[in-house]
Asks: 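Below are the structure tokens for one structure; questions will follow.
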Amino acid sequence: MTKPKQHWDQDAEASVLGGILWRADVLGKLADLEVEDFYHPKHQSVFSAMRNLEGASTPIDQVTLRAELVRQGRWESLGGDVGGQAFLLEIALKCPSPDNVLHYAGIMVTHRVTRQLVSTLVESLGEISNGEDCSGEDAVQLVAAKLGQIRSRAKDSTITVGEMVRERCRDYDRIATERETGVRSLTGLPTGVARLDAVMGGYQRGIVTTLCGRPAMGKTSGGMAAADACSAAGFGVHVFSLEDPRAMYADRIVGRMGDIPVSTLRRAEFPRDEFERMRSAVGRADKRTNWKVDDRSGLTAPEIVRSWRRIGEKNDTQLVVVDLLQRIRKADPRMKTYDHVTEVMHLLSDAAKADKIAVLLLAQLNREVERRDDKRPIMSDLQDAGTVEQDSKCIVGYYRGAYYYGQPKQGIDYEDGEPVPSQEQFESTVQLVILKDSNGATGRVFGKWNGPTTVLS
């Protein structure tokens, strides 16, 4: 059997390090070179020490390099005072010319990309072979996603702050022009709640926005309001209904589009006028081919991302709604809940940024809410609040006072000096508490709630 080829070049790695020892200024030309680009452990240790010295503005030579390697506890692995000094001298003599260091580095990066490619394919083959739910198109998407993470770093993705601002100003110009023509425009995607749009500018692309609340507070309706508004505006939507089965989600859609009580739909007892409205709602829903719904239970976060990416380009997906955080399955059952939530938040945040889409993540609040007189959500009510708070750029809490109290409470449902809401107003109000908005103000917005149809607007 042929021995697998080792994808690295010892001479190229040594020549890069030797070139830096001969002329430390060449390190400044290697801004994109990283420790992982080296294959040999000793070379990795030396380059890491060189980067540390560079960061501390310390001259790089055999004396300072030895001191830094000693400080890092890596000097002995190079052979100590005898072997280590000989190793540094050897790599210094290996470099034919410091002027060619960029060429040597290019050889290294090519080998590093090849190593990552081989490793990724082997790893993916193992996952596909061992995974019960990873086959066919899912397997293709799994491999494609992993391969897409391999970067040669040959292309500089940085832009000047001026270019960045001018790019953003084009959005401002577009919005101003549309408003002058009477078109309501947003910097983000429509939330389905006019007052929330006015305050937040819509749900922003590239980030995760968390909608949180206790059961029956309306967060699922909030996700549906956004999906309805976005799909109506021509944006592709992908909903993962991990909690509600297909029939229940369909009832909510028909109830919303047809203004029909959900209880009527579940009984399938329709007066003539409601039957006509149901037919009209079905016709409207049938035209929303850009509104995709996946009601599979037990999906992991990677499966969710792979699923939306599989049809995302064809569907022009701009909004992803995940209902519910606590229903996302652990990839490893042994994983602690906090670690699982951290992994989910990091993966969804990275994917939202990479795909330039808005992700709405619905999340349950813990029972501490029920023990307080003021049951409006606060940040610490989020289960595993630390990681959710850190990775969500925007968090909106849902609260319906009428669910808890017979009458509106001063200081909670209305403030001092405000008129007392009528019973009808009280029962048809949802407070949307903006707990966090990295690019805006916090506060509360009042949405309209229709109990029978479970519609938020």
Asks: Using modelled atom types and a 3.5 Å cut-off, is there a donor and acceptor pairing between side-chain atoms of D197 and backbone atoms of T191?
Replies: yes

Asks: Could you go through N366 and R371, starting from their C-alpha distance and side-chain angles, then the distance that decides it, and tell me whether this counts as side-chain contact (heavy atoms from CB on, under 4.5 Å)?
Replies: CA-CA 10 Å; N366 61 43; R371 300 186 177 98; over 6 Å; no

Asks: With a 3.5 Å distance limit and no angle check, can you tell me whether R400 reaches the backbone of A402 through a side-chain donor-acceptor pair?
Replies: no

Asks: Checking R329 against E303 for the salt bridge (Lys or Arg N to Asp or Glu O under 4.0 Å) test, could you report, in this order, the C-alpha distance in whole Å, the side-chain angles of both residues, the deciding distance, and whether it holds?
Replies: CA-CA 10 Å; R329 181 169 60 86; E303 287 171 338; 3.7 Å; yes

Asks: In this structure, are over 12 heavy atoms from other groups packed under 6.0 Å from K330 atom NZ?
Replies: yes

Asks: With a 6.0 Å cut-off (strictly less than), is the heavy-atom count around CZ of R279, excluding the residue itself, greater than 12?
Replies: no

Asks: Any heavy-atom pair between the side chains of E368 and S380 that's under 4.5 Å?
Replies: no

Asks: Determine whether L435 and C212 make a side-chain contact, defined as any pair of heavy atoms from C-beta on separated by less than 4.5 Å.
Replies: yes

Asks: Provide the closest heavy-atom pair for R376 versus I412 in the form atom of the first, atom of the second, distance.
Replies: NH1-O, 3.3 Å

Asks: I need the Q364 CD to E243 CD distance, nearest 0.5 Å.
Replies: 7.0 Å

Asks: Please name the pair of heavy atoms, one in W308 and one in D355, separated by the smallest distance, quoted to 0.1 Å.
Replies: NE1-OD2, 2.9 Å

Asks: Could you tell me whether H40 and F38 have their ring centroids closer than 6.0 angstrom?
Replies: no

Asks: Has the side chain of E370 got a donor or acceptor atom that lies under 3.5 Å from a matching backbone atom of R367?
Replies: no

Asks: Sub-3.5 Å donor-acceptor pair from the side chain of D316 to the main-chain atoms of G236, do we have one?
Replies: no

Asks: Please give me the minimum heavy-atom distance between S45 and L69, naming the atom from each residue.
Replies: O-CD2, 3.6 Å

Asks: When rounded to the nearest 0.5 angstrom, what is the spacing between CZ in R256 and CG in L456?
Replies: 7.5 Å

Asks: Do the side chains of V396 and M200 get nearer than 4.5 Å, heavy atoms only?
Replies: yes

Asks: If you count the non-hydrogen atoms of other residues, nucleotides and ligands that lie under 6.0 Å from CZ in F446, is the total more than 12?
Replies: yes

Asks: Is the number of heavy atoms from other residues, nucleotides or ligands under 6.0 Å of K436 NZ greater than 12?
Replies: yes

Asks: Do T210 and L325 touch side chain to side chain, with heavy atoms closer than 4.5 Å?
Replies: no

Asks: When rounded to the nearest 0.5 angstrom, what distance separates CG in L347 from OG1 in T342?
Replies: 12.5 Å

Asks: Taking all non-hydrogen atoms of both residues, which atom of D37 and which atom of R115 are closest, and how far apart?
Replies: O-NH2, 3.5 Å

Asks: Under the 3.5 angstrom rule, does the side chain of D323 hit a backbone N or O of S241 as a donor-acceptor pair?
Replies: no

Asks: So which atom in V239 and which in A227 form the shortest heavy-atom distance, rounded to 0.1 Å?
Replies: CG2-CB, 4.2 Å

Asks: Calculate, to the nearest 0.5 Å, the distance between atoms OG and CG belonging to S280 and D259 respectively.
Replies: 11.0 Å

Asks: Answer yes or no: is there a side-chain heavy-atom contact under 4.5 Å between E274 and M278?
Replies: no

Asks: Quick one: does any side-chain atom of E13 pair with a main-chain N or O of Y39 as donor and acceptor, under 3.5 Å?
Replies: yes

Asks: Between R205 and F235, is NZ or CZ placed under 6.0 angstrom from the six-membered ring centre and within 45° of the ring axis?
Replies: yes

Asks: If we count only N and O atoms by modelled type, under 3.5 Å, do the side chains of Q204 and T187 hold a donor and an acceptor together?
Replies: yes

Asks: How long is the straight-line distance from CG of D294 back to CZ of R310, given to the nearest 0.5 Å?
Replies: 8.0 Å

Asks: Identify which one of V321, V455, I253 satisfies the side chain to side chain contact (heavy atoms under 4.5 Å, CB included) criterion when paired with M224.
Replies: I253

Asks: side-chain contact (heavy atoms from CB on, under 4.5 Å), that's the test. Do D413 and T429 meet it? Break it down for me.
Replies: CA-CA 9 Å; D413 300 299; T429 296; over 6 Å; no

Asks: Is the closest side-chain heavy-atom distance between D391 and H346 below 4.5 Å?
Replies: yes

Asks: In the structure I gave you, are the side-chain heavy atoms of T317 and K292 within less than 4.5 Å of one another anywhere?
Replies: no

Asks: So, do F240 and I328 sit near enough that their side-chain heavy atoms are less than 4.5 Å apart?
Replies: no

Asks: Could you tell me whether the side chain of K219 and the main chain of G213 form a donor-acceptor pair under 3.5 Å?
Replies: yes

Asks: So which heavy atom on V254 is nearest to which on A281, and how close?
Replies: O-CB, 3.9 Å

Asks: Which of these passes side chain to side chain contact (heavy atoms under 4.5 Å, CB included) with Y104: V16, D9, L17?
Replies: V16

Asks: Count the heavy atoms of every other residue, nucleotide or ligand shown that sit under 6.0 Å from CD of E415, and state whether that count exceeds 12.
Replies: yes

Asks: Hey, what's the ring geometry for Y399 with Y404, parallel, tilted or perpendicular (30° and 60° as the breaks)?
Replies: parallel

Asks: Between Y403 and V430, does a side-chain contact (heavy atoms from CB on, under 4.5 Å) hold up when you go through it step by step?
Replies: CA-CA 10 Å; Y403 180 84; V430 178; over 6 Å; no

Asks: Look at the side chain of S231 and the backbone N and O of V237, then say whether any donor-acceptor pair between them is shorter than 3.5 Å.
Replies: no

Asks: A quick test of your reading: do over 12 heavy atoms of other residues, nucleotides or ligands sit less than 6.0 Å from CZ of R74?
Replies: yes

Asks: Once rounded to the nearest 0.5 Å, what's the spacing between atom NZ of K448 and atom CD of Q425?
Replies: 10.5 Å

Asks: Using modelled atom types and a 3.5 Å cut-off, is there a donor and acceptor pairing between side-chain atoms of R252 and backbone atoms of V262?
Replies: no

Asks: For I311 and H238, what are the C-alpha separation, side-chain angles and deciding distance, and is it a side-chain contact (heavy atoms from CB on, under 4.5 Å)?
Replies: CA-CA 9 Å; I311 65 171; H238 199 148; 3.5 Å; yes

Asks: If only atom types and distance count, is the side chain of D381 paired as donor or acceptor with the main-chain N or O of I378 below 3.5 Å?
Replies: yes

